[in-house]
Student: 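Let me begin by handing over the structure; questions about it come next.
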Amino acid sequence: MAYNHREIEKKWQKYWSEHKSFKAENHSNKPKFYVLDMFPYPSGAGLHVGHPLGYIASDIYARYKRHQGFNVLHPMGYDAYGLPAEQYAIQTGTHPEITTEKNIKRYRKQLDQIGFSFDWDREVRTSDPDYYKWTQWTFIQLFNSWYNRDADKAELITGLIEKFETSGNGDVHAVCDETPAFDAAQWKQMTEIEQQEMLMHYRLAYLSETLVNWCPALGTVLANDEVKEGLSERGGYPVERKLMKQWSLRITAYAQRLLDGLETVDWPDSLKEMQRNWIGRSEGASVWFKLDGHADDKELSEGIEVFTTRPDTLFGATFMVLAPEHEWVSKITTPEHKDKVDAYVQWAKNRSERERMTEVKRVTGEFTGAYAVNPLTGNKIPVWIADYVLAGYGTGAIMAVPGHDSRDFAFARHFKLPILQVVSQEGAEPADTDSWEDSYDAKEGVMIQSGFLNGLQVKEAIHTAIVRLEEMGIGTGKINFRLRDAIFSRQRYWGEPFPIYYKNGMPYPLPEDELPLRLPEVDKYLPTETGEPPVARAKNWVTKDGYPLETNTMPGFAGSSGYYLRYMDPHNDNEYFSKDANQYWRNVDLYIGGDEHAAGHLIYSRVWNKFLYDNGLACEDEPFKKLINQGKIQGRSNFVYRITGTNKFVSYNLRKEYNTQALHVDIEMVSNDVLDTEAFKKWRPEFKDAEFILEDGKYHCGYEVEKMSKSKHNVQNPDDLIEKYGADTLRLYEMFLGPIDQDKPWDINGIEGVYRFLRKLWRLYFDENDQLSVTDEPAIEAEQKVIHKTIKKIQDDIERFSFNTGVSAFMICVNELNELNCHKREILEPLAILIEPYAPHLAEELWESLGHKGGLVNVDYPEYDQKYLQEDTFTYPVSFNGKLRFKLELPADMSAAEIEKAVLSAEEANRWLEGKTIRKVIVVPKRIVNIVVG
RNA sequence: GCCCGAGUGGUGGAAUUGGUAGACACGUUGGACUUAAAAUCCAAUGACCAUUGCGGUCGUGCGGGUUCAAGUCCCGCCUCGGGUACCA
């Protein structure tokens with residue numbers, strides 16, 4: 001009996017837990033290191049092999065850092081609110097808390113089995129009142145804050161009220177809704193309700209009537225990042241646009257800082273790029289187009305404001321388009337066009353998001369009968385409405401430049417509107433736009449037919465145009481963001497209640513000492529008969545003074561936006577986290593998780609953190625210094641091929657000879673793509689009498705890489721693998737699979753090799769009789785070389801997160817020590833420490849067997865000695881005309897000239913030099929020799 | 001459509017800075033041990049040609065280029081994966 005993973009792993013898991021080996025201290029002389037995994041939602045299905053991939057990588061890093069002398073914070077907890085438990089509650093009546101508790105238990109058991117070095121004393125759950133107290137608390141701070149553009153940070157709303165009281169809002173530069181100007185006297189004359197309504201336009205958490213993504217099937221509103229291609233991310237249900245009164249977070253206030261902050265963090269470029277796209281900054285200008293015939297109209301005389309990134313093309317604006325929802329549509333439409341415009345608005349309104357997105361190519365629109373005046377040409381241009389202009393971006397109105405914008409071009413062609421060229425490609429003659437097949441959208445070329453802009457390059461023209469617009473008082477330079485404020489209300493039960501009550505219809509925050517506001521019990525988890533959210537079913541859902549409480553709950557991202565801060569000080573009853581704890585831990589040094597959170601969690605957390613930073617609570621502006629994406633593990637499905645209409649199955653390579661149908665077969669019954677036919681017969685009654693056409697006595701299955709899912713019978717559950725091979729093998733194997741950030745198929749076929757490696761490693765320490773075979777003999781040079789080379793390689797690989805090559809370096813090391821028949825303490829002791837981050841149970845067992853007490857977790861990492869890494873000789877590859885011909889071993893310190901001489905006089909060289917002239921000899925010491933002959 | 005990323009043996013992958021392509025492992029084949037199997041060990045394993053030996057030719061998605069030298073750099077394509085989708 002050799003390496004017994006079952007016993008060893010249980011033993012050390014117990015030891016770590018009893019000794020609290022991974023407890024992180026908030027006060028320490030050691031430097032800190034914060035390693036974080038993305039907050040998991042404990043699903044009922046438990047873990048599959050894809051989930052722990054990132055956890056294993058971060059655990060290796062955390063354990064490595066402990067050996068390096070760091071005080072490591074490596075916490076874990078649960079994003080416990082979520083739709084699945086609530087859907088289950090609706091179906092069965094089981095309280096989501098019960099389901100969640102059950103799932104967490106299972107999750108925890110699975111995590112424990114893998115031997116992670118989490119500090120479980122710091123566990124948090126978003127659904128725990130002690131935790132969500134601070135989620136609610138932060139919401140109140142957001143409610144009580146506004147964004148001051150002058151200071152470029154969030155400030156207390158009381159400061160804003162003071163400004164209003166002394167000078168109105170004239171000098172206030174805030175990120176806010178559009179608000180009329182008022183002075184101090186007017187402010188003071190407002191009623192309490194009017195003042196509260198005004199403040200609502202400034203608050204960072206605000207209530208407003210907005211167009212939201214309404215998902216009828218889920219019965220709730222969704223944030224933009226929770227909608228994918230017009231369908232809900234969870235469940236894939238249709239989403240409609242609906243006007244509703246909702247809480248939102250004014251995250252747009254942070255748009256520029258979110259963008260700037262990306263320059264300071266060490267994240268994958270692709271992830272940064274995704275965030276940049278999502279934030280979508282564009283520079284351009286606001287321009288006012290006066291309406292023809294409305295000069296005397298007080299309201300309309302200012303004109304329609306449009307946003308454009310191409311103010312240089314203003315001379316080419318031949319019509320205007322408003323979004324169907326634009327508030328002026330009904331005001332400017334002429335009587336003779338009213339019916340058609342009304343019909344179009346109605347049609348556009350009822351179109352689902354999905355339809356609108358899939359029918360992008362379809363050009364629709366309607367003329368309002370109104371005309372605007374191009375401010376530069378003075379020409380009258382028609383004003384249309386069309387749903388290709390979005391109400392939610394810019395001002396919901398555009399100047400159409402069909403010559404240089406493909407959408408405007410398509411629209412102009414369809415409705416036969418004039419197309420004018422104002423940019424000419426360098427060196428090309430202006431062409432008749434009637435003959436164009438497409439618009440010329442590139443921001444390159446020379447301005448033509450554009451008055452004062454003629455002859456300028458596009459980039460200069462943009463600048464010049466803005467300057468002129470500002471001089472004329474009809475426009476101004478402007479920056480727009482695509483990012484929208486985050487809708488924060490959910491019409492669901494299982495989430496944080498808002499700490500808000502209503503007095504005379506106006507929302508007010510609860511006093512902080514009444515937090516947490518606990519989620520009430522309800523009889524059913526469905527909306528009320530009158531369509532109110534489930535929380536409205538609760539009895540006495542009112543404050544102690546009898547005011548009604550908010551019945552919406554917060555979205556999933558509420559609790560997950562600041563969890564990394566709470567880990568710093570998870571049991572603090574008086575504060576979110578103490579200043580001390582935050583000063584010490586600061587922010588996350590290494591965050592590992594999937595890139596699916598790019599537009600959601602990773603934006604929200606950054607805003608949350610920046611807000612707390614503005615408040616002086618968090619000491620770092622960015623929450624996650626370094627971030628690594630772990631790739632997804634895809635399933636590897638196996639197939640059998642049934643001859644159509646029979647119960648006969650033909651082996652993979654013979655299937656072409658028949659008319660077959662491929663069927664998924666459970667990967668449990670397949671080993672190395674060979675089917676266990678007996679197991680298959682027992683799998684399902686209809687296969688009981690199955691017959692097989694074999695090739696060389698075996699039934700070979702086909703395979704395909706697809707998503708891991710139950711229906712494809714390709715789900716690999718880690719529990720079975722741990723039972724069979726142990727957690728250390730699983731850890732090593734998941735790392736061995738390939739680079740951490742790459743997607744890769746799960747393929748069980750290689751796991752045996754890793755298991756074999758661990759047993760080989762074991763046998764360096766123990767003989768066949770399980771007796772320690774380690775000796776105190778001094779190591780020879782060759783052995784020293786092996787271990788020192790390995791120390792350097794393993795360290796380099798961990799530092800650059802190349803865990804797969806790390807595993808192979810261990811394999812090489814063990815193979816070489818085996819060859820040297822090395823059983824020396826001097827070598828095997830450091831090796832045990834080296835492998836601890838990867839295979840911690842085994843390493844602890846070896847360490848103990850070597851006579852050490854007190855565990856291996858904090859033992860110093862071995863240092864390599866440069867003297868063992870230097871080789872005396874180097875084997876030069878010698879190439880002729882770039883082709884490798886022979887190799888020559890030479891002293892490593894030989895000079896280039898000597899090397900050249902040695903190579904040219906080498907016996908093997910004659911063959912390649914004969915009858916040729918040497919044109920050039922390239923010698924790169926300790927690299928290569930290349931001889932050019934001709 | 002636009003923006004990223006990736007294409008290397010039968011398979012997962014390695015090659016960190018332009019310098020020996022295919023490390024390590026799986027699989028396959030042959031062999032040793034064994035009554036047998038498992039386990040273990042040894043050898044071969046990119047393709048093609050030559051095999052009596054030395055060996056040779058081709059080869060990192062495709063086509064060009066730069067260089068003494070390209071998987072790696074540049075230009076143009078193809079395929080796959082991800083994000084986004086009328087964002088003016």
Student: Could you tell me whether A:V401 contacts a base, only the sugar-phosphate backbone, or nothing, with contacts defined as non-hydrogen atoms closer than 4.0 Å?
Tutor: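 Counting heavy atoms under 4.0 Å across all strands, no contact is made by A:V401.
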
Student: Starting from the 5' end of RNA chain B, give me the residue, A:K698 or A:S282, whose nearest nucleotide shows up first.
Tutor: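 Closest to the 5' end, via its nearest nucleotide, is A:K698.
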
Student: With rounding to the closest Å, how many angstrom separate the P atoms on B:G31 and B:A38?
Tutor: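 After rounding to an integer number of Å, I get 14 Å for this pair.
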
Student: What interatomic distance, in whole Å, is found between C1' of B:A21 and the corresponding atom of B:U16?
Tutor: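 Nearest-Å result for B:U16 against B:A21 at atom C1': 16 Å.
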
Student: Can you tell me how far P in B:G65 sits from the matching atom in B:A70, rounded to whole Å?
Tutor: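 Between the two P atoms, the distance is 13 Å.
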
Student: Is the phosphate of B:G56 approached by A:R885 (side-chain N or O, under 4.0 Å from OP1 or OP2)?
Tutor: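 Looking at the OP1 and OP2 atoms of B:G56, one of them is under 4.0 Å from a side-chain N or O of A:R885.
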
Student: Given B:U20, is OP1 or OP2 found less than 4.0 Å from the side-chain N or O atoms of A:K887?
Tutor: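 The answer is no; no side-chain N or O of A:K887 sits under 4.0 Å from OP1 or OP2.
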
Student: Can you identify which nucleotide, out of B:U11, B:U57, B:A25, has its nearest atom closest to the A:D747 side chain?
Tutor: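 Of the candidates, B:U11 comes closest.
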
Student: With a non-hydrogen cut-off below 4.0 angstrom, is A:R276 in contact with a base, only sugar-phosphate, or nothing?
Tutor: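 The residue A:R276 makes no contact with any strand.
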
Student: Above 12 or not: heavy atoms from other molecules or residues under 6.0 Å from CD of A:E907?
Tutor: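 It does not: A:E907 CD has 12 such atoms or fewer within range.
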
Student: For B:G13 and A:Q742 - does any side-chain N or O of the residue sit under 4.0 Å from the phosphate oxygens OP1/OP2?
Tutor: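 Yes.
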
Student: In terms of ring plane angle, is the pair A:F415 and A:F411 parallel, tilted or perpendicular, where the classes change at 30° and 60°?
Tutor: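 Tilted: the ring planes of A:F415 and A:F411 meet at 30° to 60°.
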
Student: Decide, for B:G63, between syn and anti: a glycosidic angle within 90° of 0 counts as syn, anything else as anti.
Tutor: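 Anti conformation here, the glycosidic angle of B:G63 being more than 90° from 0.
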
Student: What's the gap between B:A47 and B:A39 when it is taken at their P atoms, as a whole Å value?
Tutor: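 Rounded to whole Å, the distance is 27 Å.
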
Student: Between the base of B:U40 and the side chain of A:K760, is there a donor-acceptor distance below 3.5 Å?
Tutor: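 Checked by distance alone, the answer is no.
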
Student: Between B:G19, B:G56, B:G13, which one does the side chain of A:N804 approach most closely?
Tutor: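 The nucleotide sitting nearest to the side chain is B:G13.
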
Student: Identify the stems formed by RNA chain B, where each pair is Watson-Crick or G-U wobble with both distances under 3.5 angstrom and a stem is at least 3 consecutive pairs.
Tutor: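 Consecutive-pair runs (3 or more) involving RNA chain B: B:1-7 with B:78-84, B:10-12 with B:24-26, B:27-32 with B:40-45, B:46-49 with B:55-58, B:61-65 with B:73-77.
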
Student: Once you measure the plane-to-plane angle for A:Y733 and A:F736, does it fall in the parallel (<30°), tilted (30-60°) or perpendicular (>60°) bin?
Tutor: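 Ring orientation, 0 to 90° scale: tilted.
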
Student: Does the plane of the ring in A:Y64 sit parallel, tilted or perpendicular to the ring in A:Y61? Use 30° and 60° as the thresholds.
Tutor: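 Rings of A:Y64 and A:Y61: tilted, 30 to 60°.
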
Student: May I ask you to decide if the ring planes of A:F757 and A:F810 are parallel, tilted or perpendicular, using 30° and 60° as cut-offs?
Tutor: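 Ring orientation, 0 to 90° scale: tilted.
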
Student: Return the nearest nucleotide to the side chain of A:T805; candidates are B:A15, B:U16, B:U84.
Tutor: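 Selected nucleotide: B:A15.
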
Student: When you measure from the side chain of A:N749, which nucleotide among B:A88, B:C26, B:U20 comes out closest?
Tutor: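 For the A:N749 side chain, the nearest candidate turns out to be B:C26.
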
Student: Grab the CD-C1' distance between A:E752 and B:U40 for me, whole Å please.
Tutor: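 Whole-Å distance recorded here is 13 Å.
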
Student: Need one value for A:L737: base, sugar-phosphate or nothing, where a base atom within 4.0 Å counts as base even if backbone is also close, heavy atoms only.
Tutor: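 Sugar-phosphate contact only - A:L737 comes under 4.0 Å of backbone atoms but never of a base.
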
Student: What contact category does A:W912 fall into here, base, sugar-phosphate, or nothing, at under 4.0 angstrom with non-hydrogen atoms?
Tutor: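 Result for A:W912 = sugar-phosphate.
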
Student: Using a cut-off of 4.0 Å on non-hydrogen atoms, how would the nucleic acid contact of A:R281 be classed: base, sugar-phosphate, or nothing?
Tutor: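 Here A:R281 touches no strand at all.
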
Student: Regarding A:R655 and the six-membered ring of A:Y652, is the cationic atom NZ or CZ under 6.0 Å from the ring centre and inside 45° of its axis?
Tutor: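 Yes; both conditions hold, so A:R655 lies above the ring face of A:Y652.
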
Student: Nearest to the side chain of A:K744 - B:A23, B:C4, B:G13?
Tutor: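 Looking only at heavy atoms from C-beta outward on A:K744, the closest nucleotide is B:G13.
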
Student: Hey, does the side chain of A:R759 come within less than 4.0 Å of B:A39's phosphate (OP1/OP2), counting only N and O?
Tutor: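 For A:R759, the contact criterion (side-chain N or O under 4.0 Å from OP1 or OP2 of B:A39) is not met.
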
Student: Phosphate oxygens OP1/OP2 of B:U40: is one of them under 4.0 Å from a side-chain N or O of A:R756?
Tutor: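 Yes, such a contact exists.
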
Student: Looking at the side chain of A:R800, which of B:A88, B:G81, B:A15 is the nearest nucleotide?
Tutor: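 Closest nucleotide among those given: B:A15.
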
Student: Has A:K349 got more than 12 heavy atoms of other residues, nucleotides or ligands less than 6.0 Å from its NZ?
Tutor: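 At most 12 heavy atoms, drawn from other residues, nucleotides or ligands, come within 6.0 Å of this atom.
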
Student: How far, in whole Å, is B:G63 from B:A25 if one measures between their P atoms?
Tutor: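 So the two P atoms sit 34 Å from each other.
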
Student: If we take the P atom in both B:G59 and B:G10, what is their distance in whole Å?
Tutor: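 The same atom, P, in both gives a distance of 16 Å.
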
Student: So does A:R636 get a side-chain nitrogen or oxygen closer than 4.0 Å to the phosphate oxygens (OP1/OP2) of B:G12?
Tutor: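 Looking at the OP1 and OP2 atoms of B:G12, neither is under 4.0 Å from any side-chain N or O of A:R636.
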
Student: A:W347 vs A:Y344 aromatic rings, parallel, tilted or perpendicular, using cut-offs 30° and 60°?
Tutor: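 Geometry flag for A:Y344 against A:W347: tilted rings.
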
Student: Cation-pi check, A:R759 to A:Y3: give yes when NZ or CZ is under 6.0 Å from the six-membered ring centre and within 45° of the ring axis, no otherwise.
Tutor: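 The answer is no; the distance or angle limit is not met.
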
Student: With no angle test and no hydrogens, is the base of B:C68 tied to the side chain of A:N930 by a donor-acceptor pair under 3.5 Å?
Tutor: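 Such a pair is found, so the answer is yes.
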
Student: Would you call the rings of A:Y725 and A:Y755 parallel, tilted or perpendicular, taking 30° and 60° as the class edges?
Tutor: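 It falls in the perpendicular class, over 60°.
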
Student: Any base atoms under 4.0 Å from A:L390, or only sugar-phosphate, or nothing? Heavy atoms, all strands.
Tutor: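 Touches a base.
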
Student: Look at the side-chain N and O atoms of A:N277 and state whether any lies under 4.0 Å from the OP1 or OP2 oxygen of B:C4.
Tutor: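 So the side chain of A:N277 is outside the cut-off, no N or O lying under 4.0 Å from OP1 or OP2 of B:C4.
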
Student: If you find the nucleotide of RNA chain B closest to A:S270 and the one closest to A:M274, which residue's nucleotide is nearer the 5' end?
Tutor: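 Upstream on the strand: A:S270.
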
Student: From the list B:C68, B:C3, B:A23, which nucleotide is the closest neighbour of the side chain of A:E273?
Tutor: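 The answer is B:C3.
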
Student: Quick check for you: among B:C24, B:C41, B:A88, whose closest atom lies nearest to any side-chain atom of A:R763?
Tutor: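 Shortest atom-to-atom distance from the side chain points to B:C41.
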
Student: Which whole number of Å gives the distance between the P atom of B:C4 and that of B:C74?
Tutor: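 Nearest-Å result for B:C4 against B:C74 at atom P: 14 Å.
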
Student: Using the C1' atom as the point on both nucleotides, what is the distance between B:G19 and B:C33, in whole Å?
Tutor: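 The answer is 45 Å between these two C1' atoms.
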
Student: Of the candidate nucleotides B:G13, B:U84, B:C68, which contains the atom at the shortest distance from the side chain of A:P739?
Tutor: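 Looking only at side-chain atoms, A:P739 lies closest to B:G13.
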
Student: Counting any heavy atom closer than 4.0 Å, what does A:V924 reach on the DNA or RNA strands: base, sugar-phosphate only, or nothing?
Tutor: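 The answer is base, as A:V924 lies within the cut-off (heavy atoms under 4.0 Å) of a base atom.
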
Student: Parallel, tilted or perpendicular: which describes the rings of A:Y440 and A:H404, with under 30° parallel and over 60° perpendicular?
Tutor: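 A:Y440 and A:H404: perpendicular rings.
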
Student: Measuring to OP1 and OP2 of B:C58, would you say a side-chain N or O of A:K883 lies under 4.0 angstrom away?
Tutor: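 Yes, within the criterion.
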
Student: B:C41, B:U20, B:U84: which one has an atom nearest the side-chain heavy atoms of A:R482?
Tutor: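 Among the listed nucleotides, the one closest to the side chain of A:R482 is B:U84.
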
Student: Does A:N480 reach a base, just sugar-phosphate, or nothing at all? Heavy atoms under 4.0 Å.
Tutor: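 If one applies the 4.0 Å heavy-atom cut-off, A:N480 turns out to touch nothing in the nucleic acid.
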
